[in-house]
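To start, the structure itself, in structure tokens.
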Number of protein chains: 2
Amino acid sequence: MPDESLIALSHELRLACMRISRRVRFDSGGGLAPHQFSVLARLDEGRRTPGQLAECERVSPPSMTRTVKSLLAAGLVTREADPDDGRQVFVVLTAAGRDVLADTRHARDAWMMARLEELSEADLVVLTEATGILTKVAGR
Amino acid sequence: MPDESLIALSHELRLACMRISRRVRFDSGGGLAPHQFSVLARLDEGRRTPGQLAECERVSPPSMTRTVKSLLAAGLVTREADPDDGRQVFVVLTAAGRDVLADTRHARDAWMMARLEELSEADLVVLTEATGILTKVAGR
DNA sequence: TATTGTTATACTCTATAACTATA
DNA sequence: TATAGTTATAGAGTATAACAATA
């Protein structure tokens, strides 16, 4: 592929992805602030210490302490002591937290689905192929 | 396309777009806070009043006053009085603002391009087709 | 002494309410 | 009286620095 085409594709594809992302976040926020949702999503993979969460989210430990506190107050997470290391604490999703996470994700998926339903079968085939590639691009 | 496939596609495509968007923002922020960049991008389309900016960005007028003030202090925008309506003010990009905007966009495009360069020609063909469709999905 | 996490303090973005100036 | 914008004030997120508890 010639260089100008790759430059143009990079630009337009990035713009489309960022616009879609922005729309999804704006239109179906789900009542949770972005940083709160992000932490819940991380905890869905398993329990994490505040330090791990701070690193993942690229936020300082005190900020994460605060965020965890707000999630605790909302009943979306709990804290568990580490029996092997008294300094550490594990943050864990509660059932309510899992519910909120599921609801928000569902609302976001629904946003996308409503738009895909407007497309032709041919377009959907292209997007199906593209999604695998985009997932690679997104990484991990 | 069967319903389960559409559901799965909605989910995976949304996830890929949001992850890419997040990565781009994290990896090539460009020194500007998201809300500042967003306003500059809007002003790139033409001058806007603080009220218009507040509405576009879904933010209260006082918040926008503050954001505009920070951009003014940084020399990225200026203010112009409306000769026809003394209550209104127009916010306008400066040359420096346009430069910052261009630099940030370039860094973001470069992020995407670095990843596309790793892909096969066949993948790039698919993404080229998909980009037009995704732009429709993103809307406007 | 090093590490994990929290508390102390300050700065920024956000919002609602009140105010100024203009229509 | 209604509208555009700003200022006043308060709430929440973020950061760095200092502190407590544990390894």
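Remember, predicted model here, so these are calculated numbers, not experimental data. Note: hydrogens, waters and symmetry copies are ignored here, and every other heavy atom, side chains too, is used. In what follows, chains carry the letters A, B, and so on, assigned in the order in which the sequence lines appear, proteins first and then strands, with residues in each chain numbered from 1.
- A/Arg23 contributes a side-chain N or O that, together with a main-chain N or O of B/Ala138, makes up a donor-acceptor pair within less than 3.5 Å.
- Nearer the 5' end of DNA chain D, as judged by each residue's closest nucleotide, is the contact made by B/Arg79, out of B/Arg79 and A/Ser60.
- For B/Gln36 and C/dC13, the CD to P distance is 6 Å, given to the nearest whole Å.
- In terms of position on DNA chain C, the residue among A/Met64 and B/Ser70 whose nearest nucleotide sits closer to the 5' end is A/Met64.
- Nucleic acid contact class of B/Thr67 (heavy atoms, under 4.0 Å, all strands): sugar-phosphate only.
- Although no hydrogens or angles enter the test, the distance criterion places a donor-acceptor pair under 3.5 Å between the side chain of B/Glu121 and the main chain of A/Met1.
- With hydrogens and angles ignored, the 3.5 Å screen pairs no side-chain donor or acceptor of B/Arg66 with any backbone N or O of B/Pro62.
- A cation-pi arrangement, defined by a distance under 6.0 Å to the six-membered ring centre and an angle within 45 degrees of its axis, is present between A/Arg108 and A/Phe37.
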Distances for protein N/O vs nucleotides 20-23 of chain D N/O pairs under 3.5 angstrom?
| residue | atom | partner | partner atom | Å |
| --- | --- | --- | --- | --- |
| D/dT22 | O3' | A/Gly86 | N | 3.4 |
| D/dA23 | OP1 | A/Gly86 | N | 3.0 |

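- Rounded to whole angstrom, the span from the CD atom of B/Gln88 across to the C1' atom of D/dT6 amounts to 15 Å.
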Using the 3.5 Å cut-off, write out each protein N or O paired with an N or O of nucleotides 7-12 of chain C and the distance between them.
| residue | atom | partner | partner atom | Å |
| --- | --- | --- | --- | --- |
| C/dT7 | OP2 | A/Lys69 | NZ | 3.1 |

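- With rounding to the nearest 0.5 Å, the separation of CG in B/Leu124 from OG in A/Ser10 is 8.5 Å.
- Atom CZ in B/Arg48 sits about 18 Å away from atom C1' in D/dG5, given to the nearest Å.
- Of the possible polar contacts, one joining the B/Thr94 side chain to the B/Leu76 backbone as a donor-acceptor pair under 3.5 Å is found.
- Look at B/Glu57 and A/Arg22 and you find a salt bridge, because one of the NZ, NE, NH1 or NH2 atoms lies within 4.0 Å of a carboxylate O, short of that distance.
- For the pair B/Thr131 (side chain) and B/Leu127 (backbone), a donor-acceptor distance under 3.5 Å is present.
- Atom C1' of nucleotide C/dG5 and atom CG of A/Leu72 are separated by 14 Å, given to the nearest angstrom.
- Regarding B/Asp82, its CG atom lies at a distance of 14 Å from the C1' atom of C/dA21, rounded to whole Å.
- Summarising the geometry, the separation between CG on A/Leu53 and P on D/dT14 is reported as 12 Å, rounded to the nearest angstrom.
- The shortest heavy-atom contact between A/Met64 and A/Val59 is N-CG1, 3.8 Å.
- With rounding to whole Å, A/Glu55 atom CD is found 14 Å from C/dT3 atom C1'.
- The interatomic distance linking B/Gln52 (CD) with D/dT3 (C1') rounds to 14 Å, in whole Å.
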